[in-house]
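It should be emphasised that the depicted structure is a prediction, and the values quoted were computed from it without experimental measurement. Each chain gets a letter, A, B and so on, in the order the sequences are listed, and its residues count up from 1.
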Amino acid sequence: MKLSLCCISNTLHNQNIKFKMMRVTNFLKLPRDQAINILTDRIIQNFITLKKTIEYCENNKFHGYRITSDLLPVINHPSILIKFEDLPRQNDLSFVINECKQLINKSTLRFSSHPSEFISLTSLNKDIISNSIRDLQTHGFIFDLLGLPNNYMAPLNIHVRKDGDPESISRVVINNINKCPGNVKNRLVLENNDNKNGTWSVKKLITYIHTRTGIPITFDNLHHEMLPDNLNEQQAFEAAYCTWPVEPIFHYSEGINGSRKHADFATKLPISYMPVTWEVELKQKDLAIQKMYAMRN
DNA sequence: ACCAGTCAAGGAAGC
DNA sequence: GCTTCCTTGACTGGT
């Protein structure tokens, strides 16, 4: 059983090793130079936290790590728009990023990222699409900087969020995916979703998008439970599995009382019908993973 | 030192 | 057609 940590280690968090944020309103309140300096300090801190979190995963024999999308707060916001290379202290940034890169280079972990829920490749509004693609590009850029594979070994996983006619929505999605640069497109994968009466089950993603593009489909057990679309768990798992040219990264979580609110800990273990790495979306994070590894024994 | 309120985003759902 | 909620963890500002 291979398990992967999502973004944050609660253990490190309790030691005050945290990812730093910055809010748009706060940034805009300050003189731009001062705001950029504060932001840069926080970004450098974030790469140090990233390094410590990866080390923690290694030391605890985890099998993967989902890199947080909050490494570079607010830089892509339409009213801020800073290019990474325009940040000050480039030497300091290069230094911490290189440390992460070296660590990743000798690591056996699978790395991934799950860009924000608010990224939309389905919108008919051009600004929303260009904002979304810019955000994805930043993810691709960071993955490149960290020396991560430019392929599905290091996937960028997003949802198709809009419900409705799968034929017309899929056409919009595919068209917009094709606008993404190679370092995004080569890594982009799509995950099943679970809105009430929702559209994007594993089956629909495969039928309307995978078969036309080859884009791999991420299986999420909880989303599948909420929207099975006439496939049982094994069928959905195997159908999604077959869409990946490399070993898949799937998502495992449990809801509280049949809801989609994530539970603290697992009560059972995911069934790997075929070998996969499971990203564990449980609130107790690394503690939940450790408990799952202990349950196996 | 601590706590409650706030915040970024697009879409869904409720009225 | 408008408002509220969803989600997340850290920041902010008041005490």
Side-chain angles (χ1 to χ4, degrees), chain A residues 5-30 34-35 37-50 53 66-82 113-139 157-166 168-169 172-173 176 190-201 220 222-223 226-227 251 253-256 259-264 279-288:
Chain A
L5 177 71
C6 292
C7 307
I8 287 165
S9 153
N10 281 4
T11 302
L12 295 182
H13 190 273
N14 292 337
Q15 296 166 18
N16 216 21
I17 297 168
K18 301 178 186 181
F19 291 102
K20 304 256 180 204
M21 282 187 171
M22 189 156 196
R23 289 293 177 204
V24 173
T25 43
N26 184 238
F27 185 99
L28 295 175
K29 246 189 272 175
L30 300 166
Q34 190 190 344
N37 282 331
I38 293 170
L39 176 63
T40 305
D41 287 347
R42 292 184 182 175
I43 289 173
I44 289 169
Q45 271 307 310
N46 284 348
F47 280 105
I48 293 169
T49 299
L50 175 67
T53 309
R66 178 194 291 176
I67 296 173
T68 175
S69 294
D70 293 328
L71 283 177
L72 311 177
V74 305
I75 69 162
N76 283 317
H77 192 277
S79 56
I80 296 181
L81 293 182
I82 304 170
S113 198
H114 193 353
S116 157
E117 282 285 299
F118 296 106
I119 285 178
S120 166
L121 296 177
T122 58
S123 179
L124 300 177
N125 177 331
K126 276 192 176 143
D127 291 339
I128 292 173
I129 296 299
S130 66
N131 290 342
S132 296
I133 291 177
R134 189 186 311 116
D135 195 299
L136 288 170
Q137 260 177 308
T138 302
H139 281 81
N157 177 82
I158 62 171
H159 290 282
V160 180
R161 291 183 68 211
K162 188 185 264 183
D163 290 332
D165 171 39
S168 55
I169 296 171
V172 174
V173 171
N176 286 323
L190 298 174
E191 177 188 352
N192 59 318
N193 215 345
D194 72 357
N195 297 325
K196 195 162 50 160
N197 309 314
T199 306
W200 297 103
S201 62
D220 178 298
L222 190 58
H223 291 314
M226 315 284 267
L227 187 67
H251 299 175
S253 64
E254 295 181 24
I256 300 172
S259 78
R260 72 190 59 169
K261 256 187 151 27
H262 288 163
D264 281 342
E279 289 182 353
V280 175
E281 297 177 326
L282 292 165
K283 277 202 293 193
Q284 289 299 323
K285 302 281 184 185
D286 52 316
L287 307 176

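Here A/Asp70 lies out of heavy-atom contact (under 4.0 Å) with every strand. Using a 4.0 Å heavy-atom criterion, one finds that A/Lys285 contacts the sugar-phosphate atoms exclusively.
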With sugar-phosphate taken as primed atoms, P, OP1 and OP2 and all else as base, the protein-contact string of nucleotides 10-15 of chain B at under 4.0 Å (heavy atoms; B, S, -) is BSSSS-

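Counting only residues at least two apart or in different chains, side-chain hydrogen bond (donor to acceptor under 3.5 Å, both in side chains) contacts with residues 14-24 of chain A are absent.
A donor-acceptor pair is defined here as one N or O able to donate and one able to accept, closer than 3.5 Å; no such pair exists between the side chain of A/Asp194 and the backbone of A/Leu227.
Rounded to whole Å, atom C1' of B/dT6 lies 8 Å from atom CZ of A/Arg23. For the pair A/Lys20 NZ and B/dC7 C1', the computed distance is 17 Å after rounding to whole Å.
Along DNA chain C, the nucleotide closest to A/Phe19 and the one closest to A/Lys29 are compared, and the more 5′ of them pairs with A/Phe19.
Scored by the side chain to side chain donor-acceptor pair (under 3.5 Å) test, A/Asn10 finds A/Gln284 as partners (sequence neighbours excluded). A search for salt bridge (Lys or Arg N to Asp or Glu O under 4.0 Å) contacts involving A/Glu191 returns nothing, not counting sequence neighbours. Applying the side chain to side chain donor-acceptor pair (under 3.5 Å) test to A/Glu254 and every residue at least two apart in sequence or in another chain returns A/Tyr252, A/Thr267. Partners of A/Asp286 according to the side chain to side chain donor-acceptor pair (under 3.5 Å) rule, which considers only residues two or more places apart in sequence or in another chain, are A/Ser9, A/Thr11, A/Tyr56.
First and last contacting nucleotides of DNA chain C toward chain A (any atom under 4.0 angstrom from a heavy atom, 5' to 3' order): C/dT7 to C/dG13.
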Cut-off 3.5 Å, no hydrogens considered: what does the side-chain donor-acceptor table look like for residues 127-137 of chain A, sequence neighbours left out?
from	atom 1	to	atom 2	distance (Å)
A/Ser130	OG	A/Lys126	O	3.4
A/Ser130	OG	A/Asp127	O	3.2
A/Asn131	OD1	A/Arg134	NH1	3.2
A/Asn131	OD1	A/Arg134	NH2	3.3
A/Asn131	ND2	A/Asp127	O	3.3
A/Ser132	OG	A/Ser120	N	3.0
A/Ser132	OG	A/Ser120	O	3.1
A/Ser132	OG	A/Ile128	O	2.8
A/Arg134	NH1	A/Asn76	O	3.3
A/Asp135	OD1	A/His139	ND1	3.2

Contacts table for residues 38-45 of chain A: side-chain donor-acceptor under 3.5 angstrom, sequence neighbours left out:
from	atom 1	to	atom 2	distance (Å)
A/Thr40	OG1	A/Ile36	O	2.7
A/Asp41	OD1	A/Arg89	NH1	2.4
A/Arg42	NH1	A/Met21	O	2.7

